[in-house]
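Reviewing the structure listed below.
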Amino acid sequence: MAVLDKYERRVLISLGATVALFIFSILYAKGRYKSDVPECLPFNKAYTEPKVNKIDSTTYQVFAVAQMWQFQPAEIYVPVGSVVDFFLTSKDVVHGFDIAEKNANMMAVYGNINKTTVKFEKPGVYNITCHEYCGIGHQNMQARVIVNYPEQ
Ligand code: CUA
């Protein structure tokens with residue numbers, strides 16, 4: 001019968017502990033920072049038309065389309081407290097989609113639909129930035145989410 005060398009056993013135990021720590025860290029971050037892990041959806045041409053769908057007064061869907069060197073829609077207006085599902089795709093190369101203040105971070109990939117959900121609790125202007133180098137105009141590739149109090 002094969003017996004594990006004591007060093008082998010130590011390596012295996014520390015490996016297991018490291019993997020457990022990684023998994024714990026991800027779950028902790030998900031709970032502590034309420035970060036939503038992005039999903040990958042089956043491709044559907046409907047998502048390649050940029051638009052903002054209002055589902056109800058605080059629920060929105062955004063079909064965000066990245067292409068050299070812009071996001072569409074470029075400006076998205078939602079009221080405070082809105083929950084927004086972003087569905088993201090690219091018309092050409094790989095782009096990034098980062099809303100730094102909301103910890104939202106996705107890749108825009110041609111032929112793919114990525115989805116993340118963001119809740120906007122505070123009014124303000126939230127920049128969406130491309131954070132994957134995509135060519136000569138990369139540094140200007142931005143869009144904005146404008147979160148306002150609803151008009152009375
Ligand atoms: Cu698009 Cu960088």
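All values derive from a computational prediction rather than experimental measurement. Counting starts at 1 for both ligands and their atoms, following the listed order.
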Relative to atom 1 (Cu) of ligand 1, which of the N, O or S atoms in His95 is the closest?
ND1
Min side-chain heavy-atom separation Phe71-Met141 under 4.5 Å
yes
Please confirm if an N, O or S atom belonging to Met68, backbone or side chain, lies less than 2.8 Å from atom 1 (Cu) of ligand 1.
no
Heavy-atom count around Leu4 CG within 6.0 Å, excluding the residue itself: above 12?
yes
If you have a sec, read the angle at atom 1 (Cu) of ligand 1 from Cys130 atom SG over to Cys134 atom SG, to 10 degrees.
110°
Nearest 0.5 Å please: distance from the NE2 atom of His95 over to the NE2 atom of His138.
10.0 Å
Phe120 and Val118: which non-hydrogen atoms are nearest, and at how many Å?
CZ-CG1, 3.6 Å
Name of the His138 atom (N/O/S only) found closest to atom 2 (Cu) of ligand 1:
ND1
Measure up the Tyr47 and Phe87 rings against each other and bin them: parallel (under 30°), tilted (30 to 60°), perpendicular (over 60°).
parallel
Closest to atom 2 (Cu) of ligand 1, among the N/O/S atoms of Glu132, is atom O
